[in-house]
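Counting starts at 1 for both ligands and their atoms, following the listed order.
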Amino acid sequence: MASLFETELTALKGVGPRRAAQLAKLGAPTVGALLRCYPRSYEDWSSPQPIAQAAPGSPCLVKATVLRRPAAQRVRGGLTLYKTAAGDGSAVMDLVFFNNPYLPNQLQEGREYLFRGKMGGTLLRRQMSAPEFLPAGENLPVRPVYRLTEGLSNRMVTAAVARALEMLPQQVRDPLPPDLRERCGLCGLREALVQIHRPDSREALERAKRRLVFEELLVLQLGLFLLRSRERAPAGTALPRDCTEEFFRLLPFAPTRAQRRAVREAVSDLRGGKPMNRLVQGDVGSGKTVVAAALCYMAAKNGAQAALMAPTEILAEQHYRSLSALLAPAGIPVALLTGSQGAASRRQTLEGLASGEIRLVVGTHALLGEGVRFARLGLVVTDEQHRFGVAQRAALASKGERPHLLVMSATPIPRTLALMIYGDLDLSVLDELPPGRQPVSTYVIGSGKRRRALGFLQKQIDAGRQCYVVCPMVEEGAPELASVGSYAARLQQELPRARVGVLHGKMKPREKEAAMAAFAAGERDILVSTTVVEVGVDVPNATVMLVENAERYGLSQLHQLRGRVGRGAARSYCILVSDAQNEEAVARLQIMRRTNDGFRIADEDLRLRGPGDFFGSRQHGLPSLKIADLSGDMALLHLAQEEARALLREDPALDSHRLLRAEVRAQFSAAGSA
Ligand code: ADP
Ligand code: MG
């Protein structure tokens, strides 16, 4: 099996370079990978019904003998029809196919086939148009349906997989040890691969699935445990002095009850002997930054250093501005560290961190850099945790002597997923917004009403407010710069009095900073932006978020965008512009209109997109799940967890389970976290 991962697809009969390239797009660049591209679903070809009982207008499966050779009939517009008929003793039906010159060879007179499709015609004269068909003798009661890309048909993928299965050696080396397989009642890898692609029966398919799901979950668990054992070890830096009240007095407002509670929970961790591992979850605008600031303050006042890592430069700079304004007057030197900093100020920051003079550093991934050293790193905070991989968090923590960890996330994830991803993290929830917030009023409008919406923006601007406009999403790879610019220019013509600013990911860091600062200072009325404003940006005077092509975004993303407004006392608005007709898109946008509750939105998102998406490598640095479905496979998940623990107890580095270890490494490095 291992060597099949080095065998190019062109080694398969019937697969040329073009087909190989198409299959590679599916995520199958090699024969081994193709075998791991499991079917998306299955069609049941197992129980045909008599033609006479097939109700016209409904999908059905029938088994019938072709009564005559299909005859071609040319009609207008270059269309060729192929007509024939088939019968099964109960009735006869007409069959019509379009433009398939191979049909007369594929459907032979006197032979029996299974036909699958919609029964049309009338009760007296039944007809199927372009049904799918298979020779009746072909023993495939359950047929795989694969994900496809441009130019690939299900038939082509099925054929390539069949060839790949032929290359599978009789003795496939199985990463799951035999005793474990026996204990858990799992079939071998060879059987699983054959049956998942060409099941002999429903039961055989279930057996194969169970085995592959288990393997996937086991690999995931092993990877997580291994990462965690790196980052979890006893005894952190004790920070004995509780400075909470002192800190709260620095704030221009009273902390909410939820903020107080979260800080109290974290403080009791900090004062104890063990390193804190805490997740603060709170909806957008709930004031997570205050919690982080309180702990950074406490670390600094206890003679330690704190590092706060944010996923974007814009956010890092924003945190830097507000935290240094708050903490510097209280005698805490704060510094910024980003990738785009000038060499001189960077050197200064690095020196200050190494000497211990700088007590709080706010930064981006740049904090993970080789040259970044701390004198006494006592606390690591990551903001918007879902943007970081597990390993990045661990990498930052490794710069100290087992520092305390606080991770903050606005993405409410279901509890079971949280348990898997964050393992034994303790949880504090900010379930309360600062006082005086009003829910953001959300409207979904067609582009026909856009003009009126712009009039509304102007009114808000006249009242001294500011607006975000998220411009139409550009195609992947298209020059972002030009399109944001030309969109902003058009908007400027539509709203000539407004002072329009622009912000996008491809701008130079200095330009970004300037654009954000100008907007925050009220020197711009409108900020035309891409989704770079999605995360964390905080300008309380902004009251309108207008999103063009809103249907293109996921619910959680729209919720994050909407979270940029409604952060002050004034009433705020979110206008989602969309001409989408398709039911799912409309339903999604309506959910946004109905609720402001991030947890409900996350649940809906989960329901619509499935839990697999939570495991995209972009989000967590975890491998994406190919076959396991976490909402349905809980029992297997627990079993996999148990077995993973047991394996690591016996063999902590998996030295005697090399295949399994290779699998874990491959999965986690593909996801960018090993
Ligand atoms: P998020 O949880 O989305 O990160 P922030 O920490 O950015 O939220 O806070 C959102 C806004 O609410 C900020 O402008 C912050 O100053 C303000 N804020 C936070 N806590 C309070 C509070 N207790 N009372 C009033 N305003 C608050
Ligand atoms: Mg935030």
With a cut-off of 4.0 Å, which atoms of ligand 1 are near a heavy atom of Ala254?
-> 22 (C), 23 (N), 24 (N)

Does Ile575 reach the side chain of Val547, with side-chain heavy atoms less than 4.5 Å apart?
-> no

Quick one: do the Arg510 and Ser340 side chains pair a donor with an acceptor below 3.5 Å?
-> no

Under 4.0 Å from one or more heavy atoms of Thr256, ligand 1 contributes atoms 23 (N)

At under 4.0 Å between heavy atoms, what of Asp538 touches ligand 1? The answer is side chain

Between Met408 and ligand 1, which part of the residue brings a heavy atom under 4.0 Å of the ligand: side chain, backbone, both or neither?
-> neither

Examine the proximity of ligand 1 to Arg260 and report which part, side chain or backbone, both or neither, has a heavy atom under 4.0 Å away.
-> neither

Which atoms from ligand 1 have a heavy atom of Val284 less than 4.0 Å away?
-> 3 (O)

Do Gln281 and Ser409 have side-chain atoms, one donor and one acceptor, less than 3.5 Å apart?
-> no

Passes salt bridge (Lys or Arg N to Asp or Glu O under 4.0 Å), Glu317 versus Lys512? Steps please.
-> CA-CA 10 Å; Glu317 271 150 17; Lys512 266 194 240 175; over 6 Å; no

Would you say ligand 1 has an N or O under 3.5 Å from any N or O of Gly287?
-> yes

Consider only side-chain N and O atoms of Ser428 and Arg278, and report whether a donor and an acceptor are under 3.5 Å apart.
-> yes

Could you please spell out the steps behind the salt bridge (Lys or Arg N to Asp or Glu O under 4.0 Å) verdict for Asp431 and Arg257?
-> CA-CA 9 Å; Asp431 51 4; Arg257 251 173 314 164; over 6 Å; no

Determine, using heavy atoms of Gln560 and all atoms of ligand 1, whether some pair is separated by less than 4.0 Å.
-> no

Near Thr289, which atoms of ligand 1 are under 4.0 Å from a heavy atom of that residue?
-> 4 (O), 5 (P), 6 (O), 7 (O)

Are side-chain heavy atoms of Thr349 and Leu336 found at a separation under 4.5 Å?
-> no

Which of the ligand 1 atoms, numbered from 1, are nearer than 4.0 Å to a heavy atom of Arg567 | 1 (P), 3 (O), 5 (P), 7 (O), 8 (O), 9 (O), 10 (C)

What distance separates Arg452 CZ from Leu457 CG, expressed to the nearest 0.5 Å?
-> 13.5 Å

Any atoms of ligand 1 less than 4.0 Å from a non-hydrogen atom of Pro255? List them with their elements.
-> 23 (N)

Any N or O on Pro540 sitting closer than 3.5 Å to an N or O of ligand 1?
-> no

